[in-house]
Asks: 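Can you keep this structure in mind? I'll have questions shortly.
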Amino acid sequence: MDLKMGRCILSTKRIFPATPPRSVTTTRLSIADATVARFTPCGAIWFFDKTEGIDANDLAAFNVLESALSETLDEYPHYAGQLQWATREHVEGTNNPRCVGRPIVTYGSSSDPGLELVVVEDERELCTLVPSLAERATSKRLWNASALSQSEFLPGTTLAFSSLGEFMGLPGASAQLTAFKCGGFAVSLKLTHCLSDATCLMEFIKCWADRSRRVTNTTTLGASARPKALFDPALLDAHANLDPKASVPDAERVRRARSLPMHRFDWWATGAPGYPSWATASSDATKPPPEELSQTELSPSMDPPWPTWDLGAAVEHMQIRFSKSEVEKIKNAAMSTLPSDFQGERVSRQDALLAHLWILVNRARQLENVQDQVYMNISLGIRSRVSPPLPDSFVGSPLLLGHINKTESDAATATVGAVALAIRRMLSQFTSQAVSDYLYEAAQEVSPQRLWQAFLGSRHVIVTSWARSQAYEVDFFGTRLARYVQTHMPHMDGIL
């Protein structure tokens, strides 16, 4: 019991598929999955007000959610399985013979760690923690959410690969149910990132919510059938067009991949200025043996700019709500300030909004008179960028990070149109061929966890968009929109 916060953990248990798999299966995760293995876990928290007929303080409500979660794992049985690193035996005879840093998941075994479910009772009223939708649209359009501690509503479970060398016996997925004094509740998910990106997380929780509504007979009439989860990482790897008979990589494909606007910061560069000692243990876990590494030529990379990232700096979590009309005005401003040679080119509302925010961030950082480069790093899902495209129901974490850059002074004084155009032109470079080349080159890397495609601190911003995810429409009991949805992002300088 956390007496200070009035919180009590009622139970912690491991959840397994309602219908256990008939056999033990080991699946190699995709090339793209491997590159994000050391990312912060993918997660989110959904807060719901008390609704008629549903009181979270009645354990029957959470029993329904637990039962529905177990049924959901029937579609995602590997979420109850064991993550670990591949050995040579696991990749023998495949198109991608590299095993170092290649994650695999084994499920259907009696030793599976399961998905950890934590149930918490919280004596606070939900309205004292989170402003309502109406408040955030009016009086609290600018909301300092720093006081809302994510860790209280996300499971404290240590997940596999939290440090790359720690995984045996640890789950790759976890969830928490929190009941508030008022009868409202929160549902959260947290998964090792190589198992799920935001799109996959949304598909999972929608499946969970659907099954919950079926149990309570509150399924919305006319609701369209949800596509079944598609867990087949090889479908994505096939787009790399690897040739198992090739003795050397295709130099032209490698060149094209390395010319894409993506960072290649080296986690293994222990001699880089400001290198943090805490990074060593995790990096060492997916390095080849020393005798092999000494004979290996590493791909081109850059030292991470550690001195520009003060990890001890105070960080606040601010939320700004833009109205539809405001976003439209920003988009119109971008269109009217496009560079003269590009008048008439189209940029999206999101391009314009991100451009507007990045300019303001650089001004706030007082960089108008500095000539160093600054960067906006944008997460890109690649399901729709391969040809033929993969559906949203494709399970995994198929993403990469591209960037735009300008000198600090230019980034602080540029027009919204110029920056929005830079974003649009960067995104347009990631064609199906470019993504294929990227996957091909990533497959050649000595370890997929060596390179980081982004950075944080005073010269970088990282953007992950949940636009059009319909996160607020997740509904477990056929009632109403969520009061609030909080994506799981660490409080660090540079996250937008």
Side-chain angles (χ1 to χ4, degrees), residues 32 35-36 39 197-199 239 253-265 300-302 305 327 330-331 333-335 337-362 367 372-387 389 398-442 451-457 459-468 494-496:
T35 66
V36 302
F39 281 23
D197 62 0
T199 298
H239 290 280
R253 296 196 67 192
V254 169
R255 183 199 66 77
R256 292 199 304 256
R258 293 176 183 172
S259 69
L260 291 168
M262 303 174 68
H263 291 299
R264 299 177 64 86
F265 292 128
S301 64
M302 296 180 61
V327 174
I330 294 171
K331 198 264 181 97
M335 295 297 293
T337 57
L338 289 170
S340 57
D341 292 345
F342 298 97
Q343 289 293 322
E345 291 224 11
R346 298 192 63 81
V347 296
S348 71
R349 291 176 178 82
Q350 181 165 284
D351 296 338
L353 183 58
L354 292 179
H356 175 64
L357 291 171
W358 192 51
I359 291 168
L360 295 180
V361 166
N362 287 309
L367 303 176
D372 291 342
Q373 294 287 312
V374 291
Y375 302 87
M376 175 186 282
N377 309 283
I378 302 178
S379 296
L380 294 161
I382 59 178
R383 288 177 181 83
S384 63
R385 292 178 181 270
V386 294
S387 182
L399 60 85
L400 53 79
L401 288 113
H403 72 254
I404 65 166
N405 63 287
K406 291 183 176 293
T407 64
E408 293 166 325
S409 58
D410 285 348
T413 59
T415 66
V416 175
V419 177
L421 179 65
I423 293 171
R424 179 49 40 192
R425 293 175 71 83
M426 180 273 286
L427 297 176
S428 68
Q429 293 185 54
F430 290 92
T431 62
S432 58
Q433 182 59 60
V435 171
S436 176
D437 290 338
Y438 161 70
L439 294 172
Y440 177 87
E441 197 270 341
L451 300 178
W452 190 12
Q453 301 162 5
F455 204 72
L456 291 167
R459 301 298 187 267
H460 287 261
V461 166
I462 292 181
V463 177
T464 299
S465 172
W466 286 54
R468 299 186 180 89
I495 292 180
L496 180 60

Asks: Is a donor on one side and an acceptor on the other found under 3.5 Å between the side chain of Arg385 and the backbone of Phe430?
Replies: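 Between the backbone of Phe430 and the side chain of Arg385 there is a qualifying donor-acceptor contact (under 3.5 Å).
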Asks: Does any part of the side chain of Pro305, heavy atoms only, come nearer than 4.5 Å to the side chain of Arg459, both counted from C-beta?
Replies: no
Asks: Could you go step by step and tell me if Leu400 and Thr35 meet the side-chain contact (heavy atoms from CB on, under 4.5 Å) rule?
Replies: CA-CA 8 Å; Leu400 53 79; Thr35 66; over 6 Å; no
Asks: Starting from the C-alpha separation in whole Å, work towards a yes-or-no answer on side-chain contact (heavy atoms from CB on, under 4.5 Å) for Val461 and Asn362.
Replies: CA-CA 10 Å; Val461 166; Asn362 287 309; 6.0 Å; no
Asks: State, yes or no, whether a side-chain contact exists between His403 and Ile378 at a heavy-atom distance under 4.5 Å.
Replies: no
Asks: Is any side-chain heavy atom of Ser409 closer than 4.5 Å to a side-chain heavy atom of Thr407?
Replies: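 Result yes, sub-4.5 Å side-chain heavy-atom pair found.
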Asks: Is there a side-chain contact between Val374 and Trp358, using heavy atoms and a 4.5 Å cut-off?
Replies: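 Of all side-chain heavy-atom pairs linking Trp358 with Val374, at least one is under 4.5 Å.
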Asks: At what distance, to the nearest 0.5 angstrom, does CG of Leu451 lie from CE of Met302?
Replies: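 Spacing of CG (Leu451) from CE (Met302) equals 12.0 Å.
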Asks: How far does NZ of Lys331 sit from CE of Met335, to the nearest 0.5 angstrom?
Replies: 6.0 Å
Asks: To the nearest 0.5 Å, tell me how far Met426 CE sits from Asp351 CG.
Replies: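 So the gap between those two atoms works out to 9.0 Å.
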Asks: Quick one: closest heavy-atom pair of Ala467 and Ser465, and the distance?
Replies: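 Of all heavy-atom pairs spanning Ala467 and Ser465, the closest is N-OG, 3.1 Å.
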Asks: Quick one: closest heavy-atom pair of Ile330 and Leu353, and the distance?
Replies: CD1-CD1, 3.9 Å
Asks: For the residue pair Gly402 and Leu380, what are the closest heavy atoms and their distance?
Replies: N-CD1, 4.1 Å
Asks: Mind checking whether Thr199 and Leu399 have side chains closer than 4.5 Å, heavy atoms only?
Replies: no
Asks: In Å and rounded to the nearest 0.5 Å, what is the OG to CD distance from Ser259 to Glu441?
Replies: 10.5 Å
Asks: Mind listing the closest non-hydrogen atom pair of Ile359 and Ala414 along with its distance?
Replies: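 Residues Ile359 and Ala414, closest heavy atoms: CD1-O, 3.4 Å.
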Asks: State whether Tyr440 and Arg253 meet the cation-pi test: NZ (Lys) or CZ (Arg) under 6.0 Å from the six-membered ring centroid, and within 45° of the perpendicular axis.
Replies: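 Positive - Arg253 is close enough to the ring of Tyr440 and near enough to its axis.
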Asks: For Tyr375 and His263, take the angle between the two ring planes, folded into 0 to 90°, and tell me which bin it lands in: parallel under 30, tilted 30 to 60, perpendicular over 60.
Replies: perpendicular
Asks: Evaluate the criterion side-chain contact (heavy atoms from CB on, under 4.5 Å) for residue pair Ser379 and Leu401; output intermediate values, then yes/no.
Replies: CA-CA 5 Å; Ser379 296; Leu401 288 113; 3.6 Å; yes
Asks: So which heavy atom on Gln429 is nearest to which on Ala434, and how close?
Replies: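 What the structure gives for the nearest pair is O-CB, 3.2 Å.
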Asks: Calculate, to the nearest 0.5 Å, the distance between atoms OG1 and CD belonging to Thr337 and Gln343 respectively.
Replies: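 It is 8.5 Å, given to the nearest 0.5 Å.
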Asks: Asp437 and Ala257: which non-hydrogen atoms are nearest, and at how many Å?
Replies: O-CB, 3.5 Å
Asks: Using only atom types and a distance under 3.5 Å, with no angle test, would you say the side chain of Gln453 pairs donor to acceptor with the backbone of Met262?
Replies: no
Asks: Are side-chain heavy atoms of Val347 and Ile423 found at a separation under 4.5 Å?
Replies: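 With C-beta onward as the side chain, the pair stays apart.
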Asks: Do Val463 and Met376 come within less than 4.5 Å of each other through their side chains, counting heavy atoms only?
Replies: yes
Asks: Mind checking whether Asp197 and Arg383 have side chains closer than 4.5 Å, heavy atoms only?
Replies: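 Side-chain contact under 4.5 Å: yes.
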Asks: Could you give the distance from CD1 (Ile382) to CG (Leu439), rounded to the nearest 0.5 Å?
Replies: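 Here the rounded value is 5.0 Å.
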